Amino acid sequence: MSDDNKNKKPLRSQEWYGKLDKDGFIHRSWMKNQGLPDHSFDGRPIIGICNSWSELTPCNAHLRELAEYVKRGVWEAGGVPLEFPVMSLGETQMKPTAMLFRNLMSMDVEESIRAYGMDGVVLLGGCDKTTPAQLMGACSVDLPAIVVSSGPMLNGKYRGQDIGSGTDVWKFSEAVRGGKMSLDEFMRAESGMSRSRGTCMTMGTASTMSCLTEALGMSLPENGTLPAVDARRQALAHLTGMRIVEMVKEDLKPSDILTKSAFENAIRANAAIGGSTNAVVHLLAIAGRVGVELTLDDWDRIGAEIPCLVDLMPSGRFLMEDFHYAGGFPALIQRLQHEFDMQAMTVAGSSLSDVTKEAECFNDEVIRPLDKPLREKAGIAVLKGNLCPQGAIIKPSAATPALLQHTGKAVVFENIEDYKARIDTPELDVDKDSILVLKGCGPKGYPGMPEVGNMALPSKLLEQGITDMVRISDARMSGTAFGTVVLHVAPEATMGGPLALVKNGDEITLDLAGRGLHLHISDEEMASRQAAWQAEDSDYQRGYAKLYIDHVMQADSGADLDFLVGKSGSKVSRESH
Ligand code: FES
């Protein structure tokens, strides 16, 4: 052991690599086949790099290269970096939905960190579900952890205009269905949309979660917005590698950073960036792992009055590249510092105030001034009522204001196949005031709670120029989507929640001001429909899907598996031989 390391408290990794016996021999000897010299095991921090690299997750396909920059930083700071793969969740590629696997990936992350001899971990990921899954897993172990995200793609381009991931897909596909765009043009737009490495560059769920990671204090400043191809992201990865070594020495863990106040900051940040509704289930799940009491109602209580200052699609005009050049997330925090707990701790070892104090805004069009917000009150609204006793959510900033107080007749689809089969049929009894109701898309029902809540409108209404209707479901919606869409209805229809009981022609009222969602039938009628309702047998009788269906909690609890809530720490008491 070197003189530098011999007087310090032994590191966790020394339980693997510090023993002068058979077990130590085994752990060290096999690692040495990678060319690691003896002094790698002399008590210097072993840093895991938890990498969700995959060519099946295109927004993570460059992460092996980025990991090399993390390694440079770890070596420079006197640590030993060891990269390891974890499950990767490609949002646009996985069926039936990547969300089905968020909790599985979190288990992979948790068990990998705990089972191997590391002292701290860099979470290298980026895409809608990989960021929350990595944070959930790391919180359940609670070793020092820090995030480096993939970074967003460059702005999409089509016919000289900027186009945004997801957001313009929905617009283009409705234009094709409404006869306003040719298929040839549609295909041309596809190539211009994703033209560099990185994550979706709208303020979709991936960008939301990387910005909220910064708001939570779990990454260094600018991690949320720096474009994937910008050399400064590589430098950020290098600095992050250096910083995790210090965090191990300081024993600065997720539980020291992820306090209730940190989550409240993230809820405020979600409003200020016009962030995704998916952040609701992800933050609730992360809080559950770290032991913070966060509720669905906190979202409305804390976030509802916060203005949206960031003018990004899908709520606004610009894209992540513009946000970064305008000063990025630190500039936004500076502008809204009176709303945030600026003393909240961050992975930098200093407060949010310290890490953002030099930030400046360089473009008031992208990060609006306080007196010219994109939306004055931009938080996520939580609805309650006899249609959603455990709650439902809506993002008013992405909705049509005139529809936020609305009563209409339900047009009911029993499941996604029913919706797809009938939505464009001429005989569908629907008009612009109808409310589209979709069942069977909750956590247990689909399974996995897919992003289908922003169901496309009937083509016969699109042809009349109708662009929005009230839509209600137990599903989620893509963070890149928009519309007057009520989501996450709990309990879900598959569990016999009131959503299961809605029939064609029932009147429903969406009352944003009163935070209500009401089905206009009598209590007696509700009870009689409930008594007649029968659960359907699940198609999933084995494997992970069965485990998921048996244990997934409802959206208002973050849709984690019930037995994963909380943490087990980092201690492993038994040897492997
Ligand atoms: Fe991965 Fe959008 S598909 S970030």
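For the numbers below, each heavy atom of this structure counts, side chains included, while hydrogens, waters and symmetry mates do not. In this text, all values refer to a predicted model and were calculated from it rather than measured experimentally. Each ligand, and each atom within it, is numbered from 1 in the order the structure gives.
- Taking every heavy atom of both residues into account, Leu236 and Pro221 meet most closely at CD1-O, 3.6 Å.
- By the criterion of a separation under 2.8 Å, the protein N/O/S atoms near atom 1 (Fe) of ligand 1 amount to Cys59 SG, Cys127 SG.
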Practice item. Kindly determine whether Arg268 and Glu339 satisfy salt bridge (Lys or Arg N to Asp or Glu O under 4.0 Å), including the steps that lead there. Key: CA-CA 8 Å; Arg268 294 179 188 110; Glu339 300 283 4; 5.4 Å; no
Review point. So Glu68 and Arg72, salt bridge (Lys or Arg N to Asp or Glu O under 4.0 Å) or not? Walk me through it.
Key: CA-CA 6 Å; Glu68 293 305 315; Arg72 288 187 191 182; over 6 Å; no
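- A side-chain donor from one of Thr205 and Ser276 sits under 3.5 Å from a side-chain acceptor of the other.
- With hydrogens and angles left out, the side-chain atoms of Thr57 and Ser88 include a donor and acceptor closer than 3.5 Å.
- In summary, the aromatic rings of Tyr158 and Phe172 are positioned with their centroids under 6.0 Å apart.
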